[in-house]
2 protein chains.
Amino acid sequence: MKVKVKNKMLLKDYFTYKSKRGLKTSQKRLFIIDYFLNEDRHFSIEELYHEIRKINSQISFSTVYRTLRLLTDCGLAQECCFAEGMVRYEPVHKARHHDHLICRKCGRIIEFENSEIEKLQNHVAKKFGFLVVSHALELYGLCTMCQKKQRRS
Amino acid sequence: MKVKVKNKMLLKDYFTYKSKRGLKTSQKRLFIIDYFLNEDRHFSIEELYHEIRKINSQISFSTVYRTLRLLTDCGLAQECCFAEGMVRYEPVHKARHHDHLICRKCGRIIEFENSEIEKLQNHVAKKFGFLVVSHALELYGLCTMCQKKQRRS
DNA sequence: ATGAAAATGAAAGTCAAAGTCAAAAATAAG
DNA sequence: CTTATTTTTGACTTTGACTTTCATTTTCAT
């Protein structure tokens, strides 16, 4: 099995991290990283494993699990703990921090950013003498499509 | 064992729910509910169990667990999934919705509300055609005390 | 090519959350 | 007040989402 990487640019941070830590790059790991970064979605470990398994059934759950943690360590992925109770991983694009709209019905996740909200958050923190390191904002509800479906039935 | 309730008003919703569902009120359940509502903190099941156990060692983990779920069902408690990964329960005062400042060092949790942020949230949701049902906003960082401690060391 | 070091897969281990069921407690009926 | 019926309890088991272990396989510097 020899993996053709779709987009080498995305892997740059991984290779830096790899050299620094003396890692070796297996073809399986490469496949998982490339798939994850190019899909650019919010995967649970289970989900990513099942999708990958359909394409390459020789990759185990352990390897998917460990690769996601590896990506988190080298800053290419980020853990999200939404209210479902299960951890999801999202690719960290070089872009700015963002928050999430999450559909309670179909699970669709939309990213957004709003500097006005961030400003207000810092303002609130200041009022309580808090030093904010990170934050999480999730809006749960129904996406456009699921609202339409509900009206019909 | 006969429980003296500290504040009957807080139990009103429970008794309404109880009648509607044909529940029975054991003294143990009553004790847990009264303790939880009067402490008014963000308990994990484990924490609440251990505190209660110090006062009344005849109450089991199962009962604390089930009572917290019961309170959630009747609207007197709400689950919070903070980034720790463990579920916490907070009493739902009749007051408005609020968000949280959470200290990464000592675990202190401060509640706040900010209608400006809420307005902006709804505005963002609208832009994406989303119907917001609930939301969660957590600011993680260091509280005043932990900042001072850190500077000293 | 080869051997030291890292990665993999299958299995076992964790741990909080959820479920099971016989015994105990609460309430309704007589 | 006693008995009957229903709910609650506590000890236990099960589940499920991770997490680790270790023998085997793969990578890669020499």
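For clarity, every value in this text was computed on a predicted model and none was experimentally measured. Note on naming: letters A, B, ... go to the chains in the order of the sequence lines (proteins, then strands), and numbering restarts at 1 for each one. Heavy atoms only: backbone and side chains are in, while hydrogens, waters and symmetry mates are out.
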Inset, instruction - Establish, with yes or no, whether the OP1 or OP2 oxygen of C:dT8 is under 4.0 angstrom from a side-chain nitrogen or oxygen of A:Ser60. - result: no
Inset, instruction - Could you tell me whether a side-chain N or O of B:Gln147 sits under 3.5 Å from a main-chain N or O of A:Gly129, the two making a donor and an acceptor? - result: yes
Inset, instruction - Could you check whether B:Thr25 gets within reach of a base, just the sugar-phosphate, or nothing at all, counting any heavy atom under 4.0 Å? - result: sugar-phosphate
Inset, instruction - Give A:Gln58 one of three labels, base, sugar-phosphate or nothing, depending on what nucleic acid heavy atoms sit under 4.0 Å from its own. - result: sugar-phosphate
Inset, instruction - Please tell me if the side chains of B:Tyr140 and B:Phe82 come closer than 4.5 Å, counting only heavy atoms from C-beta onward. - result: yes
Inset, instruction - Respond yes when some side-chain nitrogen or oxygen of B:Tyr65 is under 4.0 Å from OP1 or OP2 of C:dA17, and no when none is. - result: no
Legend entry - Rounded interatomic separation in angstrom, taking CD1 from A:Ile33 and C1' from C:dT8: 14 Å
Inset, instruction - Between D:dC18, C:dA26, D:dT27, spot the one nearest the side chain of A:Met86, thanks. - result: D:dC18
Legend entry - Nearest-neighbour nucleotide for the B:Thr63 side chain, D:dT27, D:dG10, D:dT8 considered: D:dG10
Legend entry - Carboxylate-amine/guanidinium contact B:Arg41 B:Glu51, below 4.0 Å: yes
Inset, instruction - Check every atom of C:dA10, D:dC28, D:dC18 against the side chain of A:Ser62 and return the nucleotide holding the closest atom. - result: C:dA10
Inset, instruction - Please state whether the phosphate of D:dT9, meaning OP1 or OP2, lies under 4.0 angstrom from any side-chain nitrogen or oxygen of B:Arg66. - result: no
Legend entry - A:Arg108 and A:Met145: CA distance, side-chain angles, deciding distance, side chain to side chain contact (heavy atoms under 4.5 Å, CB included) verdict: CA-CA 10 Å; A:Arg108 198 151 76 100; A:Met145 289 191 301; 3.9 Å; yes
Inset, instruction - Look at all strands and tell whether B:Gln27 reaches a base, only sugar-phosphate, or nothing, counting heavy atoms closer than 4.0 Å. - result: sugar-phosphate
Inset, instruction - Classify the side chain of A:Lys24 and the base of C:dA6 as holding, or not holding, a donor-acceptor pair under 3.5 Å. - result: no
